[in-house]
Colleague: 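Attaching a single structure in structure tokens format; questions to follow.
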Amino acid sequence: MSLGYPIDLHTHSLRSDGALEPADLVARAAARGVRIQALADHDTLAGVAEAVAAGERLGVRVIAATELNTESEWGDAHILGYFLDPADAALEGRLRWLREHRGRRIELMVEKLNALGYSVTLARVMEIAQGGSLGRPHLAQALFEAGHVPTYDSAFASLIAKDAPAYVSRIGLTPLEAVDLIVAHGGVPSLAHPFTVVRLDELMPLIVAAGLVGIEAYYGAHPPEMTAMCLSLARRYALVPTGGSDFHGRGEHGAPLGGVFVPPETVDALEARRRRDPATTMALSVEGES
Ligand SMILES: [Zn+2]
Ligand SMILES: [Zn+2]
């Protein structure tokens, strides 16, 4: 019996701010009928090998991906990067730099919370993260279990969401740099849940010029008119409409695994737009000349 749709291109594990080990996440997706799943942990590809191995046992094709969150004058743009290589050392160097900034940001939020009288420790937040790349969900969990907030989800609105008292802005890439990083490493970038971008009309032409390939049209929190707006942007800018659950397994964040319809042609369309990395292209052309 399958409960979900077969394609889910946006999922998170314990390697970032999800609640399940990568293998358990894939097993749960498989049980719901998912056959193609992208593991898109924030700023890391650390869960990919484990997820791929589980997928091979369970008949799920796992796509190596990451989600790069950016904050800028346009609003919050999250860029998904598909078909990245976990063995790419230069890419890992950049992701490590992003993870260090994530850690520093959470540390600053802990300091702010303590100054406001909410006692939480960075050590406990790191225990909750179990080595995964640190994010606000881990902090929300720590606040909840310390009894400072009535529910996990309420921690965001009352304390750590944007404009809430303990919020600290992200330091990292601009959306254009995030797209560029993914393309430079042979990946395929898609703009996640586009309506977190405040000035979307302004950002779209810039981000498309930077190399954007997809736009996340199919998303749990999108009512039909939002999906329609994304599909219209996809037509205007010749982008591939992508989609996924954004499942985290914590609080109300995201839809159930495989809970969002994604058209069957999506993955082939993304792969067809994958650019050969410059080094490989050069090597091939040199070979061709000899
Ligand atoms: Zn996101
Ligand atoms: Zn996400």
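Counting starts at 1 for both ligands and their atoms, following the listed order.
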Colleague: So which N/O/S atom does H193 have closest to the Zn ion (ligand 1)?
Modeller: NE2
Colleague: Which N, O or S atom name in D246 marks its closest approach to the Zn ion (ligand 2)?
Modeller: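 Closest N, O or S atom of D246 to the Zn ion (ligand 2): OD1.
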Colleague: Using 2.8 Å as the threshold, say whether any N, O or S atom from H78 sits that close to the Zn ion (ligand 1).
Modeller: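 H78 does place an N, O or S atom closer than 2.8 Å to the Zn ion (ligand 1).
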Colleague: One thing to verify: whether E67 and R15 come together as a salt bridge, which I'm taking to mean a side-chain N less than 4.0 angstrom from a carboxylate O.
Modeller: no
Colleague: So, H12 and D246: side-chain donor and acceptor under 3.5 Å apart, yes or no?
Modeller: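 Yes, D246 and H12 have a side-chain donor paired with an acceptor closer than 3.5 Å.
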Colleague: Centre-to-centre under 6.0 Å for H10 and F247, is that the case here?
Modeller: no
Colleague: Is the distance from the Zn ion (ligand 2) to the nearest N/O/S atom of H10 under 2.8 Å?
Modeller: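 Checking the Zn ion (ligand 2) against H10, an N, O or S atom does fall under 2.8 Å.
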Colleague: Find, among atoms of E67 that are N, O or S, the one nearest to the Zn ion (ligand 2), and state its name.
Modeller: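 The nearest such atom is OE1.
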Colleague: Among R99, H101, R102, which residue meets the side chain to side chain donor-acceptor pair (under 3.5 Å) test with D43?
Modeller: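 Checked R99, H101, R102 against D43; only one passes side chain to side chain donor-acceptor pair (under 3.5 Å): R102.
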Colleague: Check for me whether the distance between the ring centres of F261 and Y5 falls short of 6.0 Å.
Modeller: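 Here the rings of Y5 and F261 have centres that are less than 6.0 Å from each other.
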Colleague: Kindly confirm whether the Zn ion (ligand 2) is within less than 2.8 Å of some N/O/S atom in H42?
Modeller: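 No N, O or S atom of H42 is closer than 2.8 Å to the Zn ion (ligand 2), so no.
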